[in-house]
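Reading through the structure tokens given below for one structure.
Whatever order the structure lists ligands and atoms in, that order sets their numbers, starting from 1. All values derive from a computational prediction rather than experimental measurement.
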Amino acid sequence: MAFGITVLGGGSRGNSLLVHTSDSGLLIDAGFSRKEILRRLVKSNIDPALVRLILVTHEHQDHVKGCRILSDHLKIPVCASYKTFEYLRSERDEKWENTRIFSPGSTFDFETFTISPFSVQHDSIDPVGFVIEHQNFKVGVATDLGCVNELVKRRLTDCDALILESNYDMDMLRAAPRSLSLKRRIMGRHGHLDNREAIDALPELLTARTKALFLTHISSECNDGNLVRKLAEDKLHDLGRADIVLNIVEQDEPSGTVWM
Ligand SMILES: [Zn+2]
Ligand SMILES: [Zn+2]
């Protein structure tokens, strides 16, 4: 059975993507409103009833905004780490009822998918990336991380599809009208990946089996999608991998489905 990836959108104003077969899917993050996620699913020709579980990377609003309401609406569980739920319940005083807990580092099965959450460095309670496997297909996702450390490399190497953050351009961030402390936080090892770090990681992460690359969480103020595309195309060309389908994720519209 074919395996599809549909990124509903990515950026500081919301992140959500679907890993799916033709009859079942996992949503990774629901950082838009319920209404907006449903709109984007329909626009992508995906029946919302296909979504069976919402996986949460971390508690930042651009990743959880619509989670609870979408979970109620679709009558499906939200799956996050214990610490992430603890924070959402205590700090935000929210009732999260239909929940499942995962432990970063522990693999579990859900329907036909095998899900491996792994820890990443980011300024949140218990941030994770995911590797999702289905039959012989494997997709790796890391959308908010301050560095590509050894664990991240181990998890994200040799995927059929890779979804990686390419948040900011260093010069644009330096020149941006933001406080020095915020710039330091973004640039730090618990912040976000800049274009150079993301592109430099590709030679190690991409292997002969890799068919698709999505670069996401592109800053609207401190980056430019065309620049990210150019850097990635040049790197793929240098690697002799112009065959890899490259997708530069937009904030406002879904990517379209890549089937493999
Ligand atoms: Zn974040
Ligand atoms: Zn984010």
Notebook entry, point to check: side chain to side chain contact (heavy atoms under 4.5 Å, CB included) with Arg209: which residues, sequence neighbours excluded?
Noted result: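 In terms of side chain to side chain contact (heavy atoms under 4.5 Å, CB included), with neighbours along the sequence ignored, Arg209 is linked to Lys138, Asp158, Asp160, Thr207.
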Item checked: side chain to side chain contact (heavy atoms under 4.5 Å, CB included) partners for Asp171, two or more places apart ->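 With sequence neighbours excluded, Asp171 shows a side chain to side chain contact (heavy atoms under 4.5 Å, CB included) to Asp169, Arg174, given in chain and number order.
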Margin query: Tell me whether the rings of Phe130 and Phe102 are parallel (<30°), tilted (30 to 60°) or perpendicular (>60°).
Written below: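 Rings of Phe130 and Phe102: perpendicular, as their planes differ by over 60°.
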Margin query: Can you pull out every side-chain hydrogen bond (donor to acceptor under 3.5 Å, both in side chains) where at least one residue sits in residues 44-54? Sequence neighbours excluded, please.
Written below: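 Listed by first then second residue: Arg52-Glu111.
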Next item on the list: Spell out the protein N/O/S atoms under 2.8 Å from the Zn ion (ligand 1) as residue plus atom name.
Entry: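 His58 NE2, His60 ND1, His122 NE2, Asp144 OD2, with waters left out.
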Next item on the list: Examine the side chains of Asp62 and His217 and answer whether a donor and an acceptor come within less than 3.5 Å of each other.
Entry: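 The criterion, which ignores hydrogens and geometry beyond distance, is satisfied for His217 and Asp62.
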Next item on the list: Step through it carefully: locate the ring centre of His122, locate the ring centre of His190, and say whether they are under 6.0 Å apart.
Entry: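 For His122 and His190, the ring centres are not under 6.0 Å apart.
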